[in-house]
Every structure is written in C-alpha cells, then in structure tokens.
**Q** 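Quick one: structure below, then a few questions.
Quantities reported herein were computed from a predicted structural model and do not represent experimental measurements. What you see below is based on every heavy atom in this structure, not just the backbone, and it leaves out hydrogens, waters and symmetry mates.
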Amino acid sequence: MNHYTKKDILKMVDEEDVGFIRLQFTDIFGTMKNIVITAGQLERALDNQIIFDGASIEGVAGSVDSDMYLYPDLDTFVIFPWRPQQGKSARLICDVYKPDGTAFESDPRYILKKVLAEARALGYEFDAGVECEFFLFHTDEDGRPTTLSHENASYFDMGPLDLGENARRDIVMTLEDMGLTIEASHHEKAPAQHKIDFRYDEALKTADNIMTFKQAARTIAKRHGLHAAFMPKPKYGVNGSGMHINMSLVKDGINIFTDAEDEKGLSREAYCFIGGIMKHIKAVSFIANPNVNSYKRLVPGCEAPVYTAWSAGNRTSLLRTTLVRGSGVRVELKSPDPSANPYLALAVCLAAGLDGISNEIMPPQSVDGNVSEMTEAQRKEAGIEALPGSLHEAAEEFARDTYIQSVLGAGLSGKYIQAKEKEFADYSAQVTGWELERYLHRM
C-alpha cells in the first residue's frame, strides 16, 4: 500500500499535469459518487474543507444538518490511466464527516473501519479477497446497455470463442496501472460472463479495490462498445454473477485459522468464525444480496448456494474452507453478489465471525456432499435450512437480527430496510413480460 503525505500528492499533481481530482465516496447502496475539483482547490480538499449536500444523496442524511465534509484518504490517490494526458484526472477515496468533525455514522467506509478497529482491539487483522464475476454485453446505437452477446463461450474458453477477451485484457492492464495486483482472469460459465481475481489484502483496501475495479471495468468496456454488467442475474437460464468473499484473521502476523493437529486443518477460532457467520447468514444476506434481482441468482441448478451448509473443500457449499493448509487457509462465503456494497458486506461478515469467536459459537456438522442433491427430509435431519428466497424474506431476517443491525447502526439499518421494502413493493406491483406471455391469451 502507498503511504502518501499532502506534500507527496501536491508534488505528483504538479509533475504529472493533473487538472482535475475526483473526490469519491460510496452511498449506502454501493453506488460510487463524487465531487470534481480542479488542481487549484486540492489544498483545500487535503485540509478536509470540501463540503457537499448530504441531503441530495439517498441514504446519507436527512434534510436537517445535511452539510457533510469529505476527508480524503491520501493513500488512495491514483491517476486515471484512461483520461487525457494533458490535464489528467486523478481520484481520492474519501470518508464522510459531519460539521462537528466526527465521522458520519452511516458512511459505509466508516462502518467497515469501525468493525476493523473492534477486531484490532482483540488483536486481529482481517484480510479478504474477492472473486468478482460480471458480464460484457453489447450496447445499442445510443450507447445504452443490452443483454445481447454474440458469443457462446464457457468456462476458461479463449479467443476466438471468447469475444470479450480483448476487453478483459484491457481491464486487467488498466487495473494494474492503477496499482491493483491481478492474480487471474478468465471466461466464466455463461456466455459473455467473466471473472477477475485480485490479490488478497487488508479488508479496507479490498473494499476500495472493488469500487475501483467496477469503475475501471465499466469505463474500459465502454471503449470496446460493451457494457460491464454487475447485475447478479441479468439473463434467465444461465448462471448469475457472484462475488465470493475469502477471509482470514491474522494475529501477530500468523493466520489463526490454521491448526495442523485438526483433521480439517482448522483452529477453534476458524470453527467459531464459521459458526458466527452461519448463525447470522440470513441477516447477512440482506446486505450481501441487496436487491430483488439477487434472489434470482440464488436458485437451484445455477451453481449459486441455496442452503445453509458449510464444508471443508466442497465447492457447492454456501461456505467452505480452502483445501490449502497452513497460512493459506481461507473461509470462503459464496452467496454475496457484485451488486453488494463491499464496505458493508465485509463489515457484516467480519462482525458475524467475531461474534462467533467471542461467544464460542461452534458451527453445525460440515456437509461434504452436494446439498442440492439431498432430499428435503435429509436436509431437515441435518439441520440445513434455505437461504432467504426473496429480498422481502431477507429484510425480515435482518429485522430480527439485532446484532447485525447494530453493526450498521440504527440510522442506516432503518433507512436500508425502508428503501428495500419499497423496492420489493414496487417490484411486486409490476406486470412482467412473463405474466403477459403466460396469462393474457388465457384469461
């Protein structure tokens, strides 16, 4: 990670002919926002003097006391590789603060930092990595996204079958120019579906990287006449896109999830971390799968998890531990999707795991077979339940889980429930093409 001072940033802006700086922040729904300033205003920004109207951002603040300040994280400074070389553009990711100089409680980045601080107080550092899937679709003549693609490539195919290969290559190169370390990229199972994995890192850096990745992917895809879609399930009948989260806790530089004496290679802390996530997983789903479309991915037959089971190594499980032993042990949660706010998703996963460790919550028996192939009676006997089947069900689970609500705070939790209940009500009132096709000629 870079460690910049104000002097470093002012020098780079001058030497690199940077004309504009985007002060970026993320709203509670995971949408990146920004204020653009000129280089002449940079010193004011670095002194935390840039104000914006929080009342204009959904979920950020009410009409009272709506002035908010942007505090740039100096280590996030980067120059955009895709902008003109004269009068370049750069960015700084910011935290949101109130006029009294205290952090805004509903700022997603602050919420993750708060939970990371709680872990640090227990002696833990939380590392995370994501495997983020997305689609590259054609755009129409007006540049608007479609769900069309001419390709029929599948897992690990290459050009000429993989028609998005060049766009994905340019996305990877752009991300590396921006300081991200890309470990692998490849075509996924569905036509036009792709996956890019970046390096495991400290959780706040990982969340920042996810936001950077989405922005870069959309920008570079557009140059290829494509749209990078992070919608969980854009097409019926094919796999949706996930954002698998790999996690570990480090204490004194050592991964505490490992125990060579255990038959699965896992420590008691690892079991309890898994137990905490399993206890809270239904409420976590409300954050990790945050919209109506998310639950059209979480259906049988499309490789996404549907049931609350964990395993050591079984890739079909909701939650699994890697087969690699020693310092490489990870806990992987497969239900999150790329529409999730990464700051909030990582915050609730960590908080759930810490609850498991603090209260010594052991997980249920691991399941090494394919849960989807079990009968309902077998699943019931094993204590395996279904994940929420809709946004409405997930909202109800979240409303019952006061611990996960406390991670987000009363203010954000209330706004989030209200917004998502309205989203589900609006969706439920729609008349879809499927309904017209099925019923109109019959009734």
**Q** Which residues satisfy the salt bridge (charged side-chain N to carboxylate O under 4.0 Å, His left out) test with Asp100, sequence neighbours excluded?
**A** none
**Q** Once rounded to the nearest 0.5 Å, what's the spacing between atom CG of Asp208 and atom CD1 of Ile93?
**A** 4.0 Å
**Q** Under 3.5 Å, side chain of Asp17 to main-chain N/O of Gly87, donor-acceptor pair present?
**A** yes
**Q** Apply salt bridge (charged side-chain N to carboxylate O under 4.0 Å, His left out) to residues Lys98 and Glu105 and explain how you reach the verdict.
**A** CA-CA 9 Å; Lys98 297 186 292 188; Glu105 300 89 342; 2.8 Å; yes
**Q** By the definition salt bridge (charged side-chain N to carboxylate O under 4.0 Å, His left out), identify the one residue from Arg168, Arg169, Lys195 that meets it with Asp162.
**A** Arg168
**Q** Between Asp47 and Lys6, does a side-chain contact (heavy atoms from CB on, under 4.5 Å) hold up when you go through it step by step?
**A** CA-CA 9 Å; Asp47 288 334; Lys6 293 180 185 179; 2.8 Å; yes
**Q** Within a strict 4.5 Å, meaning less than it, do heavy atoms of the Pro336 and His244 side chains meet?
**A** no
**Q** Test Phe52 against Val96 for side-chain contact (heavy atoms from CB on, under 4.5 Å), laying out the working first.
**A** CA-CA 10 Å; Phe52 74 100; Val96 180; 4.0 Å; yes
**Q** Does NZ in Lys88 sit with more than 12 non-hydrogen atoms of other residues, nucleotides or ligands closer than 6.0 Å?
**A** yes
**Q** Work out which heavy atom in Ile357 is nearest to a heavy atom in Glu269; give both atom names and the distance.
**A** CG1-O, 3.7 Å
**Q** Are the side chain of Arg379 and the backbone of Ile384 linked by a donor-acceptor contact shorter than 3.5 Å?
**A** no
**Q** As an exercise, state the distance from CD1 of Ile220 to CG of Leu226, rounded to the nearest 0.5 Å.
**A** 11.5 Å
**Q** Angle class for the Trp310/Tyr271 ring planes (parallel below 30°, perpendicular above 60°, tilted otherwise)?
**A** perpendicular
**Q** Measuring from Ile79:CD1 to Arg91:CZ, what's the distance to the nearest 0.5 Å?
**A** 11.5 Å
**Q** Assess whether atom CD of Gln418 is packed by more than 12 heavy atoms of other residues, nucleotides or ligands within 6.0 Å.
**A** no
**Q** Would the distance check show the side chain of Gln41 and the main-chain N or O of Arg44 forming a donor-acceptor pair, the cut-off being under 3.5 Å?
**A** no
**Q** With a 4.0 Å cut-off on N to O distance, would you call Lys279 and Asp401 a salt bridge?
**A** no
**Q** Over 60° means perpendicular and under 30° means parallel, so tell me whether Phe213 and Phe230 are parallel, tilted or perpendicular.
**A** perpendicular
**Q** If we check side chain to side chain contact (heavy atoms under 4.5 Å, CB included) with Tyr71, which of these qualifies: Phe104, Tyr97, Phe25?
**A** Tyr97
**Q** Under a 3.5 Å threshold, yes or no: a donor from one side chain and an acceptor from the other, between Glu131 and Asn246?
**A** yes
**Q** Is the closest basic N to carboxylate O distance between Arg120 and Glu125 below 4.0 Å?
**A** yes
**Q** Only one of Asp252, Val250, Ile256, Leu350 passes side chain to side chain contact (heavy atoms under 4.5 Å, CB included) with Tyr124; say which it is.
**A** Ile256
**Q** Above 12 or not: heavy atoms from other molecules or residues under 6.0 Å from CD of Glu43?
**A** no
**Q** In Å, rounded to the nearest 0.5 Å, how long is the span from SG of Cys349 to CZ of Phe126?
**A** 6.5 Å
**Q** Which pair of heavy atoms, one from Lys235 and one from Thr147, lies closest together, and at what distance?
**A** NZ-O, 3.2 Å
**Q** Minimum heavy-atom separation for Ala347 and Val407, please, with both atom names.
**A** O-CG1, 4.2 Å
**Q** Has the side chain of Thr206 got a donor or acceptor atom that lies under 3.5 Å from a matching backbone atom of Ala128?
**A** yes
**Q** Is it the case that over 12 heavy atoms from other parts of the model lie below 6.0 angstrom from the CE atom of Met362?
**A** yes
**Q** Test your reading of the model: is there a side-chain donor-acceptor pair from Asn289 to the backbone of Ser335, 3.5 Å cut-off?
**A** yes
**Q** Answer with yes or no whether the side chains of Asp8 and Thr5 bring together a donor and an acceptor at under 3.5 Å.
**A** yes
**Q** Is a side-chain N or O of Glu202 found less than 3.5 angstrom from the main chain of Leu204, in a donor-acceptor match?
**A** yes
**Q** Under 3.5 Å, side chain of Asn255 to main-chain N/O of Val329, donor-acceptor pair present?
**A** yes
**Q** Taking C-beta and beyond as the side chain, do Ile37 and Phe20 meet within less than 4.5 Å on heavy atoms?
**A** no
**Q** Tell me, do Glu176 and Phe198 make a side-chain contact under 4.5 Å, heavy atoms counted?
**A** no
**Q** Which atom pair, heavy atoms only, marks the closest approach of Ile28 to Leu412?
**A** CG2-CD1, 3.5 Å
**Q** Below 4.5 Å, heavy atoms only, C-beta onward: do Phe257 and Arg330 meet side chain to side chain?
**A** no
**Q** Can you tell me if Lys296 has over 12 outside heavy atoms packed within less than 6.0 Å of its NZ?
**A** no
**Q** For the backbone of Ala410 and the side chain of Ser413, can you confirm whether one donor and one acceptor N or O come within less than 3.5 Å of each other?
**A** no
**Q** Take the angle between the ring planes of Tyr427 and Phe424 and call it parallel below 30°, perpendicular above 60°, tilted in between.
**A** tilted
**Q** Examine distances only and state if a side-chain atom of Lys264 and a backbone atom of Ser311 form a donor-acceptor pair shorter than 3.5 Å.
**A** no
**Q** Determine the minimum heavy-atom distance between Pro338 and Glu133, stating which atoms define it.
**A** CG-O, 3.6 Å
**Q** Taking side chain as C-beta onward, heavy atoms only, is Ile210 less than 4.5 Å from Met243?
**A** yes
**Q** Using side-chain contact (heavy atoms from CB on, under 4.5 Å), reason through Tyr343 and Asp107 one step at a time and then give a plain yes or no.
**A** CA-CA 9 Å; Tyr343 301 102; Asp107 174 20; over 6 Å; no
**Q** With a 4.5 Å limit on heavy-atom distance, are the side chains of Cys302 and Lys233 in contact?
**A** yes
**Q** Looking at side-chain heavy atoms only, is the closest gap between Phe286 and Glu396 below 4.5 Å?
**A** no
**Q** Rounded to the nearest 0.5 Å, what separation is found between the OG1 atom of Thr139 and the NE2 atom of His227?
**A** 9.5 Å
**Q** If the plane angle is over 60° it's perpendicular, under 30° parallel, otherwise tilted; pick one for Phe77 and Tyr4.
**A** perpendicular
**Q** Can you tell me if Asn341 uses its side chain to pair, donor with acceptor, with the backbone of Asp27 under 3.5 Å?
**A** yes
**Q** Walk me through whether Met247 and Phe273 qualify under side-chain contact (heavy atoms from CB on, under 4.5 Å).
**A** CA-CA 10 Å; Met247 301 168 278; Phe273 190 91; 4.2 Å; yes
**Q** Taking all non-hydrogen atoms of both residues, which atom of Ala345 and which atom of Val348 are closest, and how far apart?
**A** O-CG2, 3.3 Å
**Q** Rounded to the nearest 0.5 Å, what separation is found between the CG atom of Asp426 and the CD atom of Glu423?
**A** 8.0 Å
**Q** Is there side-chain contact between Leu92 and Leu46, with heavy atoms separated by less than 4.5 Å?
**A** yes
